[in-house]
Protein chains: 2
Amino acid sequence: MSKQLVVLDAASEQACCPPIAEASLDTEHATDMARMFKALGDPIRLRLLSRITSAPGGEICVCDITGDDFNVTGPTISHHLKVLREAGLIDGERRGTWVYYRAVKANMHQLAALLAIDESVALVSA
Amino acid sequence: MSKQLVVLDAASEQACCPPIAEASLDTEHATDMARMFKALGDPIRLRLLSRITSAPGGEICVCDITGDDFNVTGPTISHHLKVLREAGLIDGERRGTWVYYRAVKANMHQLAALLAIDESVALVSA
DNA sequence: CGACTGATTCGACAGTCGTCTAGACAGGGA
DNA sequence: TCCCTGTCTAGACGACTGTCGAATCAGTCG
């Protein structure tokens, strides 16, 4: 919990995220980004994030997830949420009995920006 | 005309790519996307992809990579290139002695689109 | 307080991943 | 032809990951 990776101060400053096509990633930056991509590299986590971001209000109660159609047990859901949290992609907050999660949109945006590629070139060169 | 298709191969499987914030991912789609994200979840692979996409002409010769500043042996580079290739993120071609790789930009674009999020909200909520 | 529900942590186990060395395959030039 | 260089495959091994059941922590309500 004390160990979250926070790249969003960079995002707020816009020194943030040139597409990988524009400049070679340095090792340190690549490591941070890879940590986030790795967190997305599991179907369950991807669907969890989708659930969270597409929920009304942009947040969701864990009680609406656990025991769902993910075909895994509660602790496993909890584990995946923790991975997403430690990667800096979501943020959790306890409100009374329930825990709510929401996406850290700045970091999602940073990943998307990293993958930005000139579309027209894509057409030509492909 | 220059803007539409883009997702060529992926498009043949299904309609391309609504952001995860707009609709919950179904299991099958999530599995496909997760496979690509997982391939990006390693610093070396991320830097390899960066090298490839940022190279002049959009492609790079393996001979310019192996034994580089990645601090791993040749076979390990080869392994990572294979992972990227099997994930559909890059494409390799042998031309005489050397092998050249280039990015499959359509799939990179698909990933970026999946992560698209309303930016203004991102800044506010961060 | 004490019991109950929701969510996380702990410990274990099978499976996957990243890396290496050794060896195989492909193409070019003496 | 034989060898040389470039790239990939095979096999092995330690480390990490995803999953579970059991135990624990956090809040709420009798």
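Naming convention: chains lettered A, B, ... in sequence-line order (proteins, then strands); numbering from 1 in each chain.
- Regarding A:I60, its CD1 atom lies at a distance of 16 Å from the P atom of C:dG6, rounded to whole Å.
- At a threshold of 4.5 Å between non-hydrogen side-chain atoms, the residues B:L115 and A:L40 count as touching.
- When the P atom of D:dT9 is taken as reference, atom NZ of B:K82 falls 5 Å away, rounded to whole Å.
- The distance from atom CZ of A:F70 to atom C1' of D:dC20 is 18 Å, rounded to the nearest whole Å.
- Between the side chain of B:T53 and the backbone N or O of B:L49, at least one donor-acceptor pair lies under 3.5 Å.
- Although no hydrogens or angles enter the test, the distance criterion places a donor-acceptor pair under 3.5 Å between the side chain of A:T31 and the main chain of A:T27.
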What N/O pairs connect the protein and nucleotides 25-30 of chain C at under 3.5 Å? Give each pair on its own line.
none

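- Scanning both residues, B:P19 and B:A116, for their nearest heavy atoms gives CB-O, 3.5 Å.
- Using a 4.5 Å heavy-atom threshold, the side chains of B:L84 and B:H80 count as separate.
- Of the possible polar contacts, none joining the B:S78 side chain to the B:G74 backbone as a donor-acceptor pair under 3.5 Å is found.
- Once rounded to the nearest 0.5 Å, the distance linking NE2 of B:H29 with OG of A:S50 reads 10.0 Å.
- In this structure, A:L48 places its CG atom 11 Å from P of C:dT8, rounding to the nearest Å.
- Following rounding to the nearest Å, B:I77 (CD1) and C:dT19 (P) show an atom-to-atom distance of 9 Å.
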Show which side-chain atoms of residues 87-98 of chain B pair as donor or acceptor with protein atoms under 3.5 Å away, not counting sequence neighbours.
from	atom 1	to	atom 2	distance (Å)
B:E93	OE1	B:R95	NH1	3.0
B:R94	NE	B:G96	O	3.3
B:R94	NH2	B:T97	O	3.4
B:R95	NH2	B:E59	OE2	2.5

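- One finds the NZ atom of A:K82 at 7.0 Å from the CZ atom of A:R85 (value rounded to the nearest 0.5 Å).
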So which protein nitrogen or oxygen atoms get under 3.5 Å of nucleotides 16-19 of chain D's nitrogens or oxygens?
from	atom 1	to	atom 2	distance (Å)
D:dT17	OP1	A:K38	NZ	3.4
D:dG18	OP1	A:R45	NH1	3.3
D:dG18	OP1	A:R45	NH2	3.0
D:dG18	OP2	A:R45	NH1	3.3
D:dT19	OP2	A:H80	NE2	2.3

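- Nucleotide D:dT7 holds its C1' atom 13 Å from the OH atom of B:Y100, rounded to whole Å.
- The interatomic distance linking B:E93 (CD) with D:dT7 (P) rounds to 14 Å, in whole Å.
- Rounded to whole angstrom, the span from the CD atom of B:E86 across to the C1' atom of C:dC17 amounts to 13 Å.
- Each of C:dT8, D:dT9, D:dT7 was ranked by its minimum atom distance to the side chain of A:S78; first place goes to C:dT8.
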